[in-house]
Amino acid sequence: MKLLVFLWNWWIALTGKVRRFTVKTAAAAAAGNTGEINIVAMVLIIIVVIALVAIFRSEMTDIVTKMFEKIRSGMEL
């Protein structure tokens with residue numbers, strides 16, 4: 001029984017230390033690297049958007065052309 005209590009107390013202490021370490025590490029990482037992470041994220045988003053435009057260029061042109069045709073026909077021009 002004493003062994004079980006000892007192991008339980010050890011487990012609680014260990015998980016508390018891990019939790020505190022994780023919170024401190026995450027807070028330090030978030031405070032120190034936010035600028036670089038945001039720049040990298042923006043560059044990756046721009047690259048993905050450019051790639052999608054390059055891949056679906058003809059389809060997007062068709063969609064815009066059809067949209068303007070419907071607008072013109074609705075305005076009876």
Side-chain angles (χ1 to χ4, degrees):
M1 186 66 173
K2 288 182 180 183
L3 179 63
L4 185 60
V5 171
F6 171 77
L7 290 175
W8 179 252
N9 289 334
W10 180 79
W11 175 255
I12 297 296
L14 179 67
T15 55
K17 288 179 183 178
V18 170
R19 187 179 318 115
R20 283 190 298 276
F21 174 75
T22 306
V23 168
K24 287 180 184 177
T25 306
N33 297 330
T34 56
E36 293 109 15
I37 292 173
N38 288 337
I39 292 172
V40 170
M42 290 302 295
V43 169
L44 289 176
I45 289 170
I46 291 170
I47 290 172
V48 168
V49 168
I50 290 172
L52 288 174
V53 168
I55 292 170
F56 297 110
R57 185 171 148 192
S58 62
E59 287 84 0
M60 288 191 299
T61 305
D62 292 340
I63 289 171
V64 171
T65 305
K66 289 176 184 177
M67 192 169 59
F68 278 111
E69 287 174 1
K70 286 184 179 184
I71 292 170
R72 287 187 183 115
S73 67
M75 293 174 56
E76 299 175 358
L77 291 177

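Please read these numbers as outputs of a predicted model, since none were measured by experiment.
Taking a 4.5 Å side-chain heavy-atom cut-off between Ile, Leu, Val, Met, Phe, Trp and Tyr, the cluster of Ile50 extends to Ile46.
When the side chains of ILVMFWY residues are joined at heavy-atom separations under 4.5 Å, either directly or via intervening members, Ile47 and Leu52 end up in two distinct hydrophobic clusters. Using a 4.5 Å cut-off between side-chain heavy atoms of Ile, Leu, Val, Met, Phe, Trp and Tyr, with links allowed through other members, Met60 and Ile71 fall into different hydrophobic clusters.
In terms of the side chain to side chain contact (heavy atoms under 4.5 Å, CB included) criterion, residue partners of Thr65 (sequence neighbours excluded) are, by chain and number, Thr61, Glu69. Judged as a side chain to side chain contact (heavy atoms under 4.5 Å, CB included), and not counting sequence neighbours, Ile63 has no contacts.
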